[in-house]
Amino acid sequence: HPSIHPSIDQACCAVMKLYLDYMSQPSRAVLLFCLETGIPHTVELVQIAKGGTRSQAFRKINPLGKVPVLDDDGFVLNESHAMMRYLADSRRVPEHWYPRGDLKQRALVNAMLDWHHTNLRPGAAGLVWNRLLGPRIGAPADPSHAKRSEKTLAASLKVIDQRLAVQPFLCGQEISIADLALACEAVQAELVAYDMSPYPNVQAWLGRVSQLKHWDSVNVILKKVLAKTNPKSFLLNQNNNNNSSSSSSSASSNSHSSAFKSKSPLRCAGIFDEIARRLPTEGAEMVRKLNCVYRFDITGKDAQGNKVTSTFTVDLREGNGAVSEGASDIEATCTFKMSDSNFLKLAVGKLNPQMAFMTGKLKIRGHLNKALQFRSVLLQPRQKEIEAIVSKL
């Protein structure tokens, strides 16, 4: 696991305890952070619905009667945001989670965490408590409070959706503890079948966060409850989309797109990897808009300077679509032929496809209108991410 900061070496001789409830959004966020960063810990289950937080034994640990709580060899800390900040600094986890050297980026994470407490949290938690969880444990339902919470939730999701229109994560290009806190909060609203479809960027972001290695194990209890209360939940369907293979001929040739990883030595391979990564969350909308098959014959040079041609197929006819590499029997709606360098220029918007076609830098066979829609639908909505990928190639 990540190296321990020297100042707390002795404090870490005893394994840290996390007191939590898997149905608690802040609990899941802290647990997910510990699992993703490899911080050693043990879990002490405190079930809110069974009165665990009201027990005398737990009140001795946290007089406020709230979970989660951290016990780091006698140092007891509550408040999930404070816990993740403390762990990020004391365990020296990778910088992107909670920056140490970049104070401006750190401030952005802090700002998002503070905003969470007075916006998304009262919206989502207030709605779910008053419509579902509260009445289940005998608390009186409060329809007026639920209505106010729903209004707050809608306003909060709109803010997040706008923020995510220009970046893949809440504070920039990389995931942070803010993403964990707010993602765990947002999915809770699915318990009352809250409609997330008006917020496509939020859905895509949740799809990215849900690809974390330990996301499914942390949310296993929530998913069991959702299976009863909201079987059409985005969270459940997202899981199915990530793990089920398509019955179409295109999917059978490359398993499912979330598992696609190009073996091509060309730089353009990174772009097709990114398209495949997005299909589980955004593919259905691409299929709806395009309903076609794109084929790309890209020519360039490998590391040794040898000429190489790689073929990629992006099948957007059904389901969430699929990406495959190599020869394919699928009939293409349109086929692109171009160099590796020109494809990268096209991807980041430095090469106009119509001008490239007219000057011979791009050859297109098949449906021209569909060909010209490729960049606007598959690449432009995630322009910042594409640019970041190309800059590293």
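- With a 6.0 Å radius and a threshold of 12 heavy atoms from other residues, nucleotides or ligands, D329 has its CG atom at or below the threshold.
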Exercise. Would K223 and D216 satisfy salt bridge (Lys or Arg N to Asp or Glu O under 4.0 Å), going step by step from the backbone distance to the final call?
Worked result: CA-CA 9 Å; K223 289 184 177 183; D216 286 338; 2.7 Å; yes
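- The hydrophobic cluster containing L113 also contains L77, counting ILVMFWY residues as joined when their side-chain heavy atoms lie under 4.5 angstrom apart, directly or transitively.
- In the hydrophobic clustering of ILVMFWY residues, with side-chain heavy atoms under 4.5 Å counting as a link, L70 and V43 come out together.
- Salt bridge E36/K213: absent, no basic N to carboxylate O contact under 4.0 Å.
- With E282 contributing its side chain and I275 its backbone, the two residues share no donor-acceptor pair below 3.5 Å.
- Inter-residue side-chain proximity for K301 and D340 is flagged as unmet; no heavy-atom pair is nearer than 4.5 Å.
- A salt bridge does not link D297 to R365: none of the charged nitrogens lies less than 4.0 Å from a carboxylate oxygen.
- A donor-acceptor distance shorter than 3.5 angstrom exists from the side chain of R163 to the backbone of L170, with no hydrogens or angles considered.
- The side-chain heavy atoms of V46 and I61, taken from C-beta on, include no pair separated by under 4.5 Å.
- The backbone N or O of L32 lies less than 3.5 Å from no partner atom in the side chain of H214, so there is not a single donor-acceptor pair.
- Between D21 and K50 there is no salt bridge, since none of the side-chain N atoms of the basic residue sits less than 4.0 Å from a carboxylate O of the acidic one.
- Distance alone, capped at 3.5 Å, is enough to place a donor-acceptor pair between the Q167 side chain and the F169 backbone.
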For this session: In sequence, state the C-alpha distance, the side-chain angles, and the governing distance for N62 and V76, and then conclude on side-chain contact (heavy atoms from CB on, under 4.5 Å).
Result: CA-CA 8 Å; N62 183 10; V76 178; 5.9 Å; no
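- Remark: side-chain polar atoms of N119 are not paired, donor with acceptor, to backbone N or O of S156 under 3.5 angstrom.
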For this session: Quick one: do S197 and D195 satisfy side-chain hydrogen bond (donor to acceptor under 3.5 Å, both in side chains)? Show the steps, please.
Result: CA-CA 6 Å; S197 63; D195 182 13; 2.7 Å; yes
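- At least one side-chain heavy atom of R208 sits under 4.5 Å from a side-chain heavy atom of R277.
- Panel note: side chain E95, backbone R100; a donor-acceptor pair is recorded below 3.5 Å.
- Remark: side-chain polar atoms of S55 are not paired, donor with acceptor, to backbone N or O of G51 under 3.5 angstrom.
- When ring centroids are compared, F296 and F374 come within the 6.0 Å threshold.
- Outside the 6.0 Å centre-distance limit, the rings of F343 and F336 are not counted as a close aromatic pair.
- The side chain to side chain contact (heavy atoms under 4.5 Å, CB included) with Y294 is formed by just one residue from the set L316, T335, T333; it is L316.
- Note on L344: it does not cluster hydrophobically with M355, by side-chain heavy-atom contacts below 4.5 Å among ILVMFWY residues.
- Between K289 and Q373 the shortest side-chain heavy-atom distance does not fall below 4.5 Å.
- In the hydrophobic clustering of this structure, L35 groups with F33; members are Ile, Leu, Val, Met, Phe, Trp, Tyr whose side-chain heavy atoms approach within less than 4.5 Å, directly or through other members.
- Remark: E150 does not engage K147 in a salt bridge, criterion side-chain N to carboxylate O under 4.0 Å.
- The closest side-chain heavy-atom distance from V128 to Y194 is not below 4.5 Å.
- In the displayed structure, K370 atom NZ is contacted under 6.0 Å by more than 12 heavy atoms of other residues, nucleotides or ligands.
- At least one side-chain heavy atom of F312 sits less than 4.5 Å from a side-chain heavy atom of S264.
- Between the E190 side chain and the N230 main chain, no donor and acceptor come within less than 3.5 Å of each other.
- A donor-acceptor pair under 3.5 Å is absent between the side-chain atoms of R91 and the main chain of I39, judged by distance alone.
- Partner L87 forms a side chain to side chain contact (heavy atoms under 4.5 Å, CB included) with one of H41, M16, R92 and no other, that one being M16.
- A 4.5 Å side-chain heavy-atom check between H145 and W129 finds every atom pair outside the cut-off.
- Counting heavy atoms from C-beta outward, P99 and V109 have side chains that approach closer than 4.5 Å.
- Of the possible polar contacts, none joining the D114 side chain to the A111 backbone as a donor-acceptor pair under 3.5 Å is found.
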